[in-house]
Amino acid sequence: MRETVPRPTGEVRTFGAHELIVTKTDLKGRLTYANDVFLRVSAYSEDEAIGQPHNIIRHPDMPKAVFKLLWDTLAAGQEIFAYVLNLAGDGASYWVLAHVTPSYGARGRIVGYHSSRRLPAPTAVKAAAALYERLRAEEQRLGGQAGLAASWQLMQDLLAERGQTYDQYVWELTNEGASA
């Protein structure tokens, strides 16, 4: 594993519209599988990635409130679609439309998580980035748990103003991007 956490370089990376980034994790979010597209785009080797927390690709510009929603949804045994800005091991950033689902074992218990990511439409990225910027500003304004709570509430309030859940918001962005 690399000894330092990468810093964003400002380089933006992309991948093919026909490609899927796929990873699997255990219950603690440690990578147990990463496909070749993930390894290429994230700039991590398989040896560097497997066994590490999935959040090795967490970009510092991603609001914590979105990850709270993701983990709350998965803990409830539900799937989630989310727009996510990731940070590659070399400091490049890349946006994805993530579909994350619990993986169930033979006894019906959650044994890990599976994530498939597609290349998002630029219009969807622009809209998600604007929302996330507001959430991050709230988190930074208050810091710590108070910042997370305020960001979470702001996200709920902004979505309520739109008459949407986060799922509906993502669906709208995805379908508008597909028709653009």
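No experiment lies behind these values; they were computed from the predicted model shown.
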With a 4.5 Å limit on heavy-atom distance, are the side chains of [X] and [Y] in contact?
X: Ser151; Y: Lys64; result: no
X: Leu31; Y: Thr25; result: yes
X: Gln52; Y: Tyr44; result: no
X: Leu158; Y: Tyr169; result: no
X: Tyr83; Y: Val66; result: no
X: Ile80; Y: Val170; result: no
X: Trp171; Y: Gln164; result: no
X: Ile110; Y: Tyr104; result: yes

Take atom [atom1] of [X] as the centre, draw a 6.0 Å sphere, and report whether it contains more than 12 heavy atoms from other residues, nucleotides or ligands.
X: Trp71; atom1: CH2; result: yes
X: Gln168; atom1: CD; result: yes
X: Gln153; atom1: CD; result: yes

Where the side chain of Arg107 meets the backbone of Gly105, is there a donor-acceptor pair that is under 3.5 Å apart?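 No, because the side chain of Arg107 does not come within donor-acceptor range (under 3.5 Å) of the backbone of Gly105.
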Counting N and O atoms only, with roles assigned by atom type, does the side chain of Tyr132 sit under 3.5 Å from a partner on the main chain of Leu85, one being a donor and the other an acceptor?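 Looks like no, no N/O pair under 3.5 Å.
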Could you list the cluster mates of Val22? Members are the ILVMFWY residues connected by side-chain heavy atoms closer than 4.5 Å, either directly or through other members.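 Members other than Val22 - counting any ILVMFWY side chain reachable under 4.5 Å - are Leu20, Tyr33.
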On a heavy-atom basis, which atom in [X] and which in [Y] lie closest, and how many Å separate them?
X: Ile50; Y: Ala34; result: CD1-N, 3.8 Å
X: Lys68; Y: Asp72; result: NZ-OD2, 2.6 Å
X: Asn86; Y: Val84; result: OD1-CG1, 3.4 Å
X: Ala49; Y: Phe38; result: CB-CE2, 4.2 Å
X: Tyr94; Y: Ser42; result: OH-CB, 3.7 Å
X: Gly91; Y: Pro6; result: N-CB, 4.0 Å

Roughly how far, to the nearest 0.5 Å, is [atom2] of [Y] from [atom1] of [X]?
X: Gln156; Y: Leu159; atom1: CD; atom2: CG; value: 6.0 Å
X: Glu48; Y: Leu39; atom1: CD; atom2: CG; value: 9.5 Å
X: Ile57; Y: Ser93; atom1: CD1; atom2: OG; value: 12.0 Å
X: His54; Y: Thr32; atom1: NE2; atom2: OG1; value: 9.5 Å
X: Leu87; Y: Asn55; atom1: CG; atom2: CG; value: 11.5 Å
X: Leu97; Y: Arg118; atom1: CG; atom2: CZ; value: 8.0 Å

Using 30° and 60° as the class boundaries, would you call the ring planes of His99 and Phe81 parallel, tilted or perpendicular?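 Parallel: the ring planes of His99 and Phe81 meet at under 30°.
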Could you check Arg141, Arg134, Gln140 and say which one makes a side chain to side chain donor-acceptor pair (under 3.5 Å) with Glu138?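 The residue from Arg141, Arg134, Gln140 that satisfies side chain to side chain donor-acceptor pair (under 3.5 Å) with Glu138 turns out to be Arg141.
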Listing request: all salt bridge (charged side-chain N to carboxylate O under 4.0 Å, His left out) pairs with a residue in residues 11-26, at least two apart in sequence or in separate chains.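 The answer is Glu11-Arg13, Arg13-Asp90, Glu19-Arg40, Asp26-Arg30.
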Before accepting this row, confirm whether a basic side-chain N of the pair Arg136/Glu139 lies closer than 4.0 Å to the acidic partner's carboxylate O.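 Looking at Arg136 and Glu139, the cut-off is not met.
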Might you work through the side chain to side chain contact (heavy atoms under 4.5 Å, CB included) test for Trp95 and Leu119, ending with a clear yes or no? CA-CA 7 Å; Trp95 278 92; Leu119 184 67; over 6 Å; no
Hey, quick one: are Leu148 and Leu70 part of the same hydrophobic cluster, counting side-chain heavy atoms closer than 4.5 Å, chains of contacts allowed?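 No; tracing contacts between hydrophobic side chains, which count when under 4.5 Å, never links both residues.
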